[in-house]
Protein chains: 2
Amino acid sequence: MSKNGATDPASEAWALMRRLVWGRRPQFVTRLGELGLYPPQAIALLELGEGEPMPMSALAERLRCDNSNITGIADRLESAGLVERRPAPRDRRVRTLAVTERGRVVQGKVAEIMADPPAGLAALSEEDAAALRDILERALAATPA
Amino acid sequence: MSKNGATDPASEAWALMRRLVWGRRPQFVTRLGELGLYPPQAIALLELGEGEPMPMSALAERLRCDNSNITGIADRLESAGLVERRPAPRDRRVRTLAVTERGRVVQGKVAEIMADPPAGLAALSEEDAAALRDILERALAATPA
DNA sequence: TATTGTTATACTCTATAACTATA
DNA sequence: TATAGTTATAGAGTATAACAATA
């Protein structure tokens with residue numbers, strides 16, 4: 001950043017994006033709390049997706065945290081009846097996490113909560129929204145994981 | 001959301017924004033850690049800004065957390081020599097947090113870290129970046145705090 | 001030997017409630 | 001009475017290290 005605070009358009013856009021996304025956080029935390037979930041639990045549930053049961057270590061990778069954290073998060077999700085530990089077919093060291101029927105319902109609610117955009121974004125014109133989406137797609141495509 | 005997963009442009013843009021912002025989180029956490037800071041400490045330091053010493057309760061409001069949390073965060077920032085507790089001029093109940101000289105340096109580094117955009121955003125054309133910024137400004141302006 | 005998941009440990013963050021010193 | 005900050009408490013998240021079972 002230069003001394004007078006002036007920056008290029010990309011940096012300005014980045015600052016605005018951060019404010020928009022961060023600004024939603026309090027609402028997200030509140031609404032997830034009403035589901036009885038803490039943010040890491042909700043994110044874990046989303047990452048488990050709709051497919052096959054996932055090895056705990058795979059979830060740890062997606063959450064970019066240590067395996068040992070998954071034990072506790074899985075404990076709580078399992079206590080809430082949203083997830084089940086199951087053995088893996090081939091490797092007997094591995095335990096997978098399967099989303100229960102009830103977990104599916106909550107998963108959907110979490111997805112809805114996260115998908116809810118800030119008011120000003122929802123209020124954009126059709127043209128602005130489409131242009132925004134297209135530019136963001138280009139930016140994301142050119143961003144390494 | 002509709003059944004088949006199709007959504008409007010604003011929702012798609014929102015999903016992309018979240019992925020861009022969330023995707024930077026691991027790097028931020030790592031780099032802040034190299035400064036010896038946890039995210040809430042770094043955010044607190046930023047919120048203290050460049051102006052006058054700020055009452056602890058004002059910081060709690062900005063961080064949207066309980067006053068009691070600020071005690072611990074201020075303790076750690078003070079131990080690190082980045083912040084000082086000072087009495088407030090009129091009200092003897094109030095203690096303000098003043099950023100030290102060393103705190104100013106770290107504050108600048110934190111701001112740099114946070115301002116660093118994802119590669120794909122920095123790589124946008126000048127036109128795309130400017131259009132993105134303008135649309136985001138409209139979205140943010142129409143979003144209540 | 002290496003990997004998976006667990007346990008033990010230590011620290012930070014967070015909210016709530018009780019307390020103090022002021023107002 | 002009400003407010004600012006602290007303390008105590010409890011629960012959750014995180015990383016590291018050590019461990020058992022399995023590969």
Side-chain angles (χ1 to χ4, degrees), chain A residues 22 25-48 53-80 82-98, chain B residues 22 25-48 53-80 82-98:
Chain A
W22 273 94
R25 221 199 157 234
Q27 273 110 323
F28 285 167
V29 172
T30 299
R31 292 172 68 188
L32 293 174
E34 289 164 2
L35 293 179
L37 296 175
Y38 284 79
Q41 297 166 12
I43 294 168
L45 197 56
L46 280 188
E47 290 290 347
L48 288 176
M54 182 184 293
M56 294 176 72
S57 52
L59 182 58
E61 271 180 31
R62 282 171 180 261
L63 264 46
R64 295 170 183 277
C65 72
D66 193 83
N67 278 357
S68 60
N69 297 328
I70 303 301
T71 299
I73 291 174
D75 283 349
R76 286 163 210 123
L77 290 176
E78 202 167 27
S79 294
L82 307 180
V83 145
E84 266 177 17
R85 267 179 252 240
R86 292 195 194 155
R90 298 180 216 315
D91 191 332
R92 288 200 299 174
R93 293 172 302 181
V94 176
R95 307 179 80 178
T96 63
L97 296 178
Chain B
W22 272 94
R25 221 200 157 232
Q27 273 110 322
F28 286 166
V29 172
T30 299
R31 293 171 68 186
L32 293 173
E34 289 164 1
L35 293 179
L37 295 175
Y38 286 78
Q41 296 165 12
I43 295 168
L45 197 55
L46 280 188
E47 289 291 348
L48 288 176
M54 181 184 294
M56 295 176 72
S57 52
L59 182 58
E61 272 180 32
R62 281 170 179 261
L63 264 46
R64 296 170 183 277
C65 72
D66 193 82
N67 277 359
S68 60
N69 297 329
I70 303 301
T71 299
I73 291 174
D75 284 348
R76 288 163 209 121
L77 290 175
E78 201 167 28
S79 293
L82 308 180
V83 144
E84 266 178 16
R85 268 181 251 241
R86 292 194 194 156
R90 297 181 217 315
D91 190 333
R92 288 200 300 175
R93 294 173 300 181
V94 176
R95 307 180 79 177
T96 64
L97 297 177

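A, B, ... follow the sequence lines: proteins, then strands. Residue 1 opens every chain.
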Between B/Gly72 and A/Tyr38, whichever has its closest DNA chain D nucleotide further toward 5' is B/Gly72
Does B/Arg76 make a side-chain N or O approach to OP1 or OP2 of C/dC13 shorter than 4.0 Å?
yes
So does B/Arg93 reach the base of D/dT3 with its side chain, donor to acceptor, closer than 3.5 Å?
yes
Using a 3.5 Å distance criterion without hydrogens, assess whether the side chain of A/Thr96 forms a donor-acceptor pair with backbone atoms of A/Ala88.
no
Among D/dT14, D/dA15, D/dT7, which nucleotide has an atom closest to any side-chain atom of B/Ser68?
D/dT7
With a 4.0 Å limit, can you tell me whether B/Asn67 has a side-chain N or O closer than that to the phosphate oxygens OP1/OP2 of D/dT6?
no
Give the rounded distance in Å between these two atoms: CE of A/Met56 and C1' of C/dT3.
14 Å
Main-chain N/O of B/Ala58 paired with B/Glu61 side-chain donor or acceptor, under 3.5 Å:
no
Of all the nucleotides listed (D/dT6, C/dC13, C/dT7), which has the minimum atom distance to the side chain of B/Ile73?
C/dC13
Interatomic distance, B/Asn69 CG vs D/dG5 P [rounded to whole Å]
13 Å
Separation of atom CD in B/Glu61 from atom C1' in D/dA4, rounded to whole Å:
12 Å
Would you classify A/Asp91 as touching base, sugar-phosphate or nothing, given that sugar-phosphate means primed atoms plus P, OP1 and OP2, and contacts are heavy atoms under 4.0 Å?
sugar-phosphate
Given 3.5 Å as the limit, does a donor-acceptor pair link the side chain of A/Glu47 with the main chain of A/Leu63, or not?
no
Between B/Asn67 and B/Met56, does the side chain to side chain contact (heavy atoms under 4.5 Å, CB included) criterion hold? Intermediate values first, please.
CA-CA 7 Å; B/Asn67 277 359; B/Met56 295 176 72; over 6 Å; no
D/dT6 phosphate, OP1 or OP2, under 4.0 Å from B/Arg85 side-chain N/O:
yes
Can you find a heavy atom in the side chain of A/Leu37 that is under 4.5 Å from one in the side chain of A/Leu77?
yes
Measure from CZ on B/Arg95 to C1' on D/dT6 and round the result to the nearest Å.
9 Å
In this structure, how many angstroms lie between the C1' atom of C/dG5 and the CG atom of A/Leu59, rounded?
13 Å
Measuring from the side chain of B/Val94 (C-beta onward, heavy atoms only), which nucleotide among C/dC13, D/dG5, D/dG13 has the closest atom?
D/dG5
Distance check needed: D/dA4 P versus B/Asp66 CG, whole Å only.
12 Å
Regarding D/dT3, can its base be found pairing with the side chain of B/Ser57 as donor and acceptor, where the two atoms are less than 3.5 Å apart?
no
Given D/dG5, is OP1 or OP2 found less than 4.0 Å from the side-chain N or O atoms of B/Arg92?
no
In whole angstroms, how far is the P atom of D/dG5 from the CG atom of B/Leu63?
14 Å
B/Asp75 has an atom CG; how far is it from atom P of C/dT12, in whole Å?
10 Å
